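Counting from 1, the numbers follow the sequence of the chain as shown. Since the model is a prediction, treat every value here as computed from it, not as a measurement.
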Amino acid sequence: MMKNLLSITIFILFLTLGTAKAQSNQFYNDAYQTIDNMLENRQKYSFKDAVFSVEEAYYQGKLDTTALNKEIRFLKNFAQSILKNRDLEYKESDKEKVSKYSAVYSIMCRAIPVAVKDSVIQYKPFEYDFTDVFGHNDLPNLFVSKLLATKKGNCNSMPYLYKILAEELGADANLALAPNHVYIKHNIKSVGWFNTELTSGIFPEDGWLMASGYIHLDAIKNGVFMKALNNKESLALCLFDLAQAYNRSYPGNNGEFVLKLLNRSVEVYPNFAKALILRAETHKKQFESIMFKLNLSKDVPENIKIAQKDPKAKELMELMKKEYGHIYDIGYRQMPEEMYLEWLVSLKTERNKYENKKLLNNFSK
């Protein structure tokens, strides 16, 4: 009996130490501080630095940021070379800005002939990777570092890299959200707001986004989807990414640090659905942890009522009800992952139906 008691004590001590280590992980704390400093204007804004701080935390300081920055500089120089050697047939006063968008778009989505000494080689653009597009099996599949290393990415890493490169050239770039999706929105004088879809390399009309069937009008009105995010709201996305990475690194964490990240994210971008959902799910996890401590199976419905005799459990249950209700009220509707992939492919198969033809003319030579 004494041996069993000692084993249990050691096991509890191990879990306690593991949780404490997770809560105080310096790499994650540093990443949070970097992003928070940018939000509070204590540090110069840089979407690139925010994104790489998240990836650095996940890799626990082993991310080769020197090599990544070198690759970013190469792509920036390539874009500047395109700007010098190409003149768009665009007549509006914001031609310089539009030319930068065109250069970054070309690097991301177009094969480009490049003169090297006495020969011409074909530059290969970035490609969409349909393997593990949500990062379920391997979170780094969502990372910009993976995109730069393999030239294959998804609707997370590709718009992130586009925004990074645009900002390296001194141009703004707005991220925007759709169900399970991130894309780019720009505003130019000739056409106003338009969408840049990097997974397929075209400029779709808003009708394509609405065709998903999962964008409720309330979600548009409340800025859940299709909103051009400002830089601080884009940093809110990085805070969510950091919370997701932390959960993957420490699946047994008590939720405190994750909630700190998510609360800050929602403070900056109040109707950021993914952050609101993960916050509610974190509270659910905390509720289930109390049930476990009370030796109550979460699979027995009656136990949920019994658990709420505990004041903290009751508080969490009331909080979850409000949170899930709010998510529905602002217009968020969950899109099945399989349907998302079909919707994404439809942009290529029905390109003529959704593509912004006027914009293609603006981006021509």
Subject >> CA sep, side-chain torsions, deciding dist, call: Asn174, Asn230, side chain to side chain donor-acceptor pair (under 3.5 Å) >> reply: CA-CA 6 Å; Asn174 301 95; Asn230 62 36; over 6 Å; no
Original post:
Between Lys95 and Asp87, is a salt bridge (Lys or Arg N to Asp or Glu O under 4.0 Å) present by the stated rule, with each step listed?
Top reply: CA-CA 10 Å; Lys95 180 175 180 177; Asp87 185 29; 2.6 Å; yes
Original post:
Checking side chain to side chain donor-acceptor pair (under 3.5 Å) for the pair Tyr45/Asn41: CA distance, chi angles, key distance, verdict?
Top reply: CA-CA 7 Å; Tyr45 163 80; Asn41 300 316; over 6 Å; no
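A donor-acceptor pair is defined here as one N or O able to donate and one able to accept, closer than 3.5 Å; no such pair exists between the side chain of Tyr128 and the backbone of Met158. Looking at Ser289, its side chain never comes within 3.5 Å of a backbone N or O of Lys285 through a donor-acceptor pair. Judged by distance alone, the side chain of Ser157 and the main-chain N or O of Gly153 form no donor-acceptor pair under 3.5 Å. Ser249 places a side-chain N or O within 3.5 Å of a backbone atom of Ala245 that can act as its donor or acceptor partner. With hydrogens and angles ignored, the 3.5 Å screen pairs no side-chain donor or acceptor of Asn195 with any backbone N or O of Phe203. No donor-acceptor pair closer than 3.5 Å links the side chain of Asn222 to the backbone N or O of Val224. At least one donor-acceptor pair closer than 3.5 Å links the side chain of Thr282 to the backbone N or O of Leu278.
Contacts of Tyr32 classified as ring-ring contact (aromatic ring centres under 6.0 Å, His included), with partners at least two apart in sequence or in another chain: none. Contacts of Tyr332 classified as ring-ring contact (aromatic ring centres under 6.0 Å, His included), with partners at least two apart in sequence or in another chain: none.
Taking the six-membered ring for Trp and the full ring otherwise, the centers of Tyr214 and Tyr340 sit at least 6.0 Å from each other. Taking the six-membered ring wherever Trp is involved, the centroid distance between the rings of Tyr246 and Tyr250 falls below 6.0 Å. Proximity of the aromatic rings of Tyr58 and Tyr28 is defined here by a centroid distance below 6.0 angstrom, and this criterion is not met.
With 3.5 Å as the limit, one finds a donor-acceptor pair spanning the side chains of Arg86 and Ser102. A donor-acceptor contact closer than 3.5 angstrom is absent between the side chains of Asp329 and Tyr324. Counting only N and O atoms by type, the side chains of Gln33 and Asn29 include no donor and acceptor under 3.5 Å apart. No side-chain donor from either of Asn154 and Asn141 sits under 3.5 Å from a side-chain acceptor of the other. A donor and an acceptor atom, one from each side chain of Lys48 and Asn69, are located under 3.5 Å apart.
One distance of note links SG of Cys155 with OH of Tyr160; it measures 9.5 Å at 0.5 Å rounding. Of the inter-residue distances, the one linking Leu209 atom CG with Tyr354 atom OH reads 10.0 Å to the nearest 0.5 angstrom. If you take NE2 on His186 and OH on Tyr162, they are separated by 3.0 Å, rounding to the nearest 0.5 Å. Distance check: Leu239 CG to Gln244 CD gives 13.0 Å after rounding to the nearest 0.5 Å. How far CD of Glu205 is from CG of Asn356: 4.0 Å, rounded to the nearest 0.5 Å. Rounded to the nearest 0.5 angstrom, Leu237 CG and Leu242 CG are separated by 12.5 Å.
Between Phe143 and Tyr59, the ring-plane angle classifies as perpendicular under the 30° and 60° cut-offs. Relative orientation of the Trp343 and His181 rings is perpendicular, given thresholds of 30° and 60° on the angle between their planes.
In this structure, Gln60 places its CD atom where more than 12 heavy-atom neighbours from other residues, nucleotides or ligands lie under 6.0 Å away. Within a 6.0 Å radius of NZ in Lys314, no more than 12 heavy atoms belonging to other residues, nucleotides or ligands are found. A 6.0 Å sphere centred on OH of Tyr123 holds more than 12 heavy atoms belonging to other residues, nucleotides or ligands.
Of the charged side-chain nitrogens involved, at least one lies within less than 4.0 Å of a carboxylate oxygen, so that Glu167 and Lys163 count as a salt-bridged pair. Look at Asp36 and Lys260 and you find no salt bridge, because none of the NZ, NE, NH1 or NH2 atoms lies under 4.0 Å from a carboxylate O. Electrostatic pairing of Glu55 and Lys146 does not count as a salt bridge here, judged by no charged N lying under 4.0 Å from a carboxylate O. The pair Arg264-Glu40 meets the salt-bridge criterion, with a side-chain N (NZ, NE, NH1 or NH2) lying under 4.0 Å from an Asp/Glu carboxylate O. For Glu127 and Lys151, the salt-bridge test fails: no basic side-chain N is under 4.0 Å from an acidic carboxylate O.
For the side-chain contact (heavy atoms from CB on, under 4.5 Å) criterion with Leu142, the lone passing option out of Asn156, Leu147, Asp241, Val133 is Asn156.
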